[in-house]
Amino acid sequence: MDLNLTGHSAETIPPIDFQGELNDEQYGAVTAEPGPALVLAGAGSGKTRTLTYRVAFLLSKGVSPGEILLLTFTNKAAREMLHRVEELTGVAARRFWGGTFHHVGHRILRVHGESVGLGRDFTILDQSDAESFMGDVVRDRDPSFFKDKTNPRARQLGEIFSMSRNTCLPVDESIRRFHPQHERLIGRMIPLFETYMENKRKQQVVDYDDLLEYLDKLLREDADVARYYQERFRHVLVDEYQDTNTLQARIVDTIGIHHRIMAVGDDAQCIYSWRGANYENIVTFPERHSGTVIYKIETNYRSTPEILNLANRILIEQAPAGGFHKELRAFRESRARPYMVQTLDPREQTQFIIKRIEGLASEGYNLADIAILYRAHFQAMDLQMELAKRNIPFQITSGVRFFEQAHIRDLVAQLRFAYNPGDLTAFQRTVGLLPKVGPKTAVRLHALGTKIAAEKNLPLIDALQGERVLAKVPKACADEWPSLMQSLKDVAESCRNDDPSRTVSLAVEGWYDDYLRGAYSNFYNRQEDLRGLIGFAGRFEDMQDMLAQLVLLNSETSDRSVDPDADALRLTTVHQAKGLEFPVVFVIGLAETLFPLRRAVEENNLDEERRLFYVSVTRAKDELYMCFPMMGGSNGPPISLKPSRFLQDLPTHLYESLKIQRSRVW
């Protein structure tokens, strides 16, 4: 094989026994002929090792480091990969072009940006700067836009426009597809988008998405620049190709016009459509690059044969939706089959997990060896509460703990104030959600309301609804003040007359629901979290007990910081677990409406949900527990749940059923 296509002399690197250090599948991909290659690397199959050795192999055949472009999704991944190459070959990492798409785009635009209207001294807006810039645009172009609390805030506008830009869809189509809750605003949002883009151009500033869009524009419109990089990068390597969005795939196709692209990924692990990843990129790669050779790396070094048998069945079920047939093969020896655990409800599910963790400790496992995976944050609420009570350390890989989340704390503050209007701290947090209402303003309004209530013998909330208080409310929120106060009054009356679940439901569906819609682009996910509190409230007979429990739990989970290197359980959503592995994995909430989520079923997005299930299963090395609660109900009284369709699709011989003895005292 002659890979020395440029006349460069080969790098002086130590001899490497590629065949001896790689398995046959990896060796085939590493030593592939120049040309389009799609490397389908199954979970736990040594994808990073394959890419590292591919770079080393190219160097050994005389390819210059500067002729290799390595694209990754994090700079950390690029650094680690090139560091391994340096250790393997002695070639300094700095000599390669490697990093994220944005990093490479920035590097090229600094040299050639003038061709698309960017001076060499352009500056980059970080997320905070971009949010501020967007806010200025809105206040100048559409001053009343932010006065409606249901309209997206500046950051959310940026995220909405970002989805349009990265998927290469018109703004209106992108909003209809990905943010339908704002469809009514399309006519107002398009001018905001156009002004945002134009003002950045005038001021010679760019946001992160511009780095990709300008690079794409440069490569399409300046033939000389495009030709230069197409000739320079004789080999383009792309990691995690299944996570590319439309814009990124287009850039890869343009730079790799000579088809010397090696795209490495796994179609079965494409789970990021919510942030723009396009499943079709990897599936249609062979169509866009004629002559593509597909290399399958299916030997799995992570999991037991029994876990992989189950994972392979999930891949078979996924096949009708497209993609490539793969069959993971185990390198490790056999152990126990995965377990399917049927519990009465989420609380019993939690008790089972804790009891099993105690058993695993006696078997020599550390807490850090154990992960609990879930589809959505609210599904881990019971577990987090119980772990906190028992002083069992745990870390949330996927963000803050359930009761620390801003939207949960917001709602709890409203409940506290409605139950006890004298709670000034709760009042400050609640009204502080309104524009121009800071802590000092909140204190003054509360004091005025308290004075009026005493003078007229009124409940405080009634006094806060009056004209005297309204006259002191900042003009920016004068329109919203009455609706917030009415919502609080409804909740306060329910505190006295209704069961806690009804009260929490009123709070969730009242003023705050509209606020949530505008404040967060992931509105639906946060709404699900809040609905989880409705089911939690149903366990209590009165609001006093429920609020006391909520406050104590919030204190228990918030005050206990865990050293990142400490021995602690890992709790994470499946999305955040991708790329990780654990000796023992519990997948919880495997019931219809929970996994797959109800919204995914309604939107007919089951293919990605199934891929999420596959990802969750393939995180486990030694033991896998799939937990199904028979009862649930985040919106009120408990309801009967059906096992997840993903469990129902599995032949029973692939797992062992564990029965819970419900007479047992945990």
Side-chain angles (χ1 to χ4, degrees), residues 42-49 80 269 300-311 328 330-341 343 349-375 377 379-380 382-402 557 560-590 595 612-627 655-656 658 666:
S45 64
K47 169 182 66 66
T48 302
R49 184 176 183 83
E80 291 177 351
Q269 297 189 68
N300 177 288
Y301 293 90
R302 175 187 299 159
S303 306
T304 64
E306 289 74 17
I307 292 173
L308 295 183
N309 288 339
L310 191 143
L328 300 177
F331 180 80
R332 297 181 57 194
E333 295 181 354
S334 290
R335 288 184 57 142
R337 288 180 295 171
Y339 299 98
M340 201 282 280
V341 186
T343 66
Q349 178 179 254
T350 291
Q351 298 296 341
F352 163 75
I353 291 171
I354 289 176
K355 190 67 178 177
R356 183 64 193 116
I357 287 171
E358 294 172 354
L360 290 166
S362 67
E363 295 169 24
Y365 287 102
N366 296 319
L367 289 175
D369 295 329
I370 305 168
I372 293 93
L373 276 54
Y374 37 86
R375 179 63 183 85
H377 285 286
Q379 295 166 9
D382 282 285
L383 185 61
Q384 291 187 36
M385 290 190 299
E386 193 63 26
L387 291 172
K389 285 181 182 178
R390 294 174 180 244
N391 291 316
I392 298 175
F394 65 95
Q395 294 179 3
I396 308 294
T397 303
S398 50
V400 299
R401 300 183 178 200
F402 184 83
T557 58
R560 192 172 290 110
S561 59
V562 178
D563 185 325
D565 298 322
D567 184 28
L569 289 174
R570 266 51 175 184
L571 274 62
T572 176
T573 62
V574 181
H575 280 106
Q576 293 293 329
K578 184 175 175 292
L580 304 178
E581 59 182 42
F582 304 92
V584 181
V585 168
F586 294 83
V587 185
I588 65 174
L590 279 166
F595 199 162
L612 280 163
F613 182 47
Y614 170 79
V615 168
S616 68
V617 164
T618 53
R619 300 310 94 197
K621 297 168 68 174
D622 301 341
E623 294 187 17
L624 171 66
Y625 297 85
M626 302 174 292
C627 301
Y655 59 81
E656 180 178 343
L658 290 184
W666 295 95

Rounded distance [0.5 Å steps], CZ in Phe582 versus CD1 in Ile372: 9.5 Å

Sub-4.5 Å side-chain heavy-atom contact between Ile307 and Thr618: no

Distance, nearest 0.5 Å, that separates CD of Gln395 from CG of Leu367: 10.5 Å

Beyond-backbone contact of Thr573 with Tyr374, side-chain heavy atoms, under 4.5 angstrom: yes

Neighbour count above 12 (heavy atom, 6.0 Å) for Tyr339 OH: yes

Salt-bridge present (Arg332, Asp622; N to O < 4.0 Å): yes

pair Met385-Thr350: side-chain heavy atoms closer than 4.5 Å: no

Intermediate values then yes/no, side chain to side chain contact (heavy atoms under 4.5 Å, CB included), Phe613 and Leu590: CA-CA 9 Å; Phe613 182 47; Leu590 279 166; 3.8 Å; yes

Test item: Val584 and Arg356 side chains (from C-beta on) under 4.5 Å apart, heavy atoms: no

Minimum side-chain heavy-atom gap Phe595-Val587 below 4.5 Å: yes

Side-chain heavy-atom pair Asp382, Gln349 within 4.5 angstrom cut-off: no

Atom CD of Glu333: over 12 foreign heavy atoms under 6.0 Å: no

Non-hydrogen side-chain atoms of Leu658 and Phe352 separated by less than 4.5 Å: yes

Side-chain donor/acceptor of Arg619 to backbone N/O of Leu580, under 3.5 Å: yes

